[in-house]
There are 2 protein chains.
Amino acid sequence: MAQGTPGQTGQSLLFLTDEQLRKGIEAMFFAYRGFTADPDRILSDQGYGRAHHRAIHFIHRSPGTTVNNLLSVLGVTKQSLNRVLRTLIEDGLVASTVGKRDKRERHLTLTETGAALERSLSDAQRDRMRHAYRTAGPEAVAGFRQVLEAMMDEEMRFYYDALKDQSDER
Amino acid sequence: MAQGTPGQTGQSLLFLTDEQLRKGIEAMFFAYRGFTADPDRILSDQGYGRAHHRAIHFIHRSPGTTVNNLLSVLGVTKQSLNRVLRTLIEDGLVASTVGKRDKRERHLTLTETGAALERSLSDAQRDRMRHAYRTAGPEAVAGFRQVLEAMMDEEMRFYYDALKDQSDER
DNA sequence: CTTGGAATGTCAACAAGGCTGACGTATCTT
DNA sequence: AAGATACGTCAGCCTTGTTGACATTCCAAG
């Protein structure tokens, strides 16, 4: 566009000092600690860890998802996931049902008990998120989301946007 | 204040659906993965992990900081920190000097080599942060910071704001 | 029908990085 | 002199990540 206008759009001219960037980096570090603190507390009482939380969260989000699907979203090895999944199934929090169309696949869903734990975990996390959102205000929230989305790897943004699939035909 | 005004400030009336909050939660999850990905890659080549990165970062930020200080900021046990710190000192990345005023204390600083590693790590992380900031724009950045700050635990916000101290008299 | 490959599960071994508990030493502080 | 503080260390445990090897089951192509 016009050349002489001093960077108001923020797109072209945006001076970012190392100090500003460091502050952002530390904000991520400290905020993430707060972000995980509440669920971590709940989980450690029951002998579970953050890995269990992640599995439960994404199974809740996409009921009937397959193991492979979960693997991609979580970005861990199947051995790691399997260990976590096994205890969740043994403890009756997650149900694993053989696929109908493809019987090699296992479709994962939360049981009643599993859904109850999920609720208590995400309630805690949502409370904190809600508090942060309310404190910062709606415009800040929009900015928050924009920056985080720009910070993700391409591949992760795909899962971030997409994950709503595999609805039917188990 | 006035009662009839529909929530424009975002402070009083702010409807937040579970769906909106979930999206925020997942944004944190996926973004944090991206946030740590680059340093993790660099570190794993050298036999270090994320714990080393954190130590190096905060020693760089507060040169001459004490072990106890670092403990509080990082929120780990001294045994955990010591393991990391020992290897960093052995490998000549961190220097530990006895306190002048209080000889029980050890003051930690980065050596030349340590500072070099710190630079390569924070360069990578800053590049990603800069990219995210530029993509999202300055207003988004302000919002991003506001939300993150509201998400921290009180105690952590203290360190987030404060850490600039212990300058003198080692 | 047979066979190749995909999806899943399992066993074993290992490492990083958290944790607790206990103990020792040096050094302040009272 | 006694107690508190700062630090280091030994030992042991847990979660959660990794690799590698291998079995099973099943779909689909030939």
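Keep in mind that this is a model prediction, so the values were computed, not measured. A note on names: the letters A, B, ... follow the listed sequences, proteins ahead of strands, and every chain is numbered from 1. Hydrogens, waters and symmetry mates play no part in the numbers below; they use all other heavy atoms, side chains included.
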Problem set entry | Distance, rounded to the nearest Å, where A/Lys103 contributes NZ and C/dG9 contributes C1' | 19 Å
For this session: Can you tell me the distance, in whole Å, between the CG atom of A/Leu74 and the P atom of D/dG17?
Result: 8 Å
For this session: Output yes when at least one side-chain N/O atom of B/Asn82 is less than 4.0 Å from OP1 or OP2 of D/dC7, else no.
Result: no
Exercise. B/Phe58 vs A/Phe29 aromatic rings, parallel, tilted or perpendicular, using cut-offs 30° and 60°?
Worked result: tilted
Exercise. Atom CZ of A/Arg41 and atom C1' of C/dC19: how far apart are they, to the nearest Å?
Worked result: 16 Å
Exercise. B/Arg54 side chain N/O closer than 4.0 Å to the phosphate oxygens (OP1, OP2) of C/dA16?
Worked result: no
Exercise. Which of these, A/Gln125, A/Arg119, A/Glu118, sits in a side chain to side chain donor-acceptor pair (under 3.5 Å) with A/Ser122?
Worked result: A/Glu118
Seminar exercise, completed: Tightest non-hydrogen contact, residues A/Arg106 and A/Lys103, listed as NH2-O, 3.8 Å
Exercise. So does B/Arg86 get a side-chain nitrogen or oxygen closer than 4.0 Å to the phosphate oxygens (OP1/OP2) of D/dG8?
Worked result: no
Exercise. OP1, OP2 of C/dG17 versus side-chain N and O of B/His52: anything below 4.0 Å?
Worked result: yes
For this session: Could you tell me whether the phosphate oxygens of C/dT8, OP1 or OP2, come under 4.0 Å of any side-chain nitrogen or oxygen in A/Asn68?
Result: yes
Exercise. Can you find a donor-acceptor N/O pair under 3.5 angstrom joining the side chain of A/Arg83 to the base of D/dG17?
Worked result: yes
For this session: Grab the CG-C1' distance between A/Asp40 and C/dG18 for me, whole Å please.
Result: 11 Å
For this session: Counting heavy atoms from C-beta on, name the nucleotide in D/dT19, C/dC19, C/dT8 closest to the side chain of B/Thr77.
Result: C/dC19
For this session: Return yes if the base of C/dT8 and the side-chain atoms of A/Arg106 contain a donor-acceptor N/O pair under 3.5 Å, otherwise no.
Result: no
For this session: Find out whether B/Met129 and B/Phe35 are in side-chain contact, i.e. whether some heavy atom of one side chain is under 4.5 Å from a heavy atom of the other.
Result: yes
For this session: Tell me what B/Arg50 touches on the nucleic acid: a base, only sugar-phosphate, or nothing, going by heavy atoms under 4.0 Å.
Result: sugar-phosphate
Exercise. B/Gln79 has an atom CD; how far is it from atom P of C/dG21, in whole Å?
Worked result: 10 Å
Exercise. Under 4.0 Å between a side-chain N or O of A/Ser80 and OP1 or OP2 of D/dT16?
Worked result: no
Exercise. So what does B/Gly47 hit on the nucleic acid, given a heavy-atom distance under 4.0 Å: a base, only sugar-phosphate, or nothing?
Worked result: nothing
Exercise. Taking N and O atoms by type only, does the side chain of A/Arg104 place a donor or acceptor under 3.5 Å from a partner on the base of C/dA6?
Worked result: yes
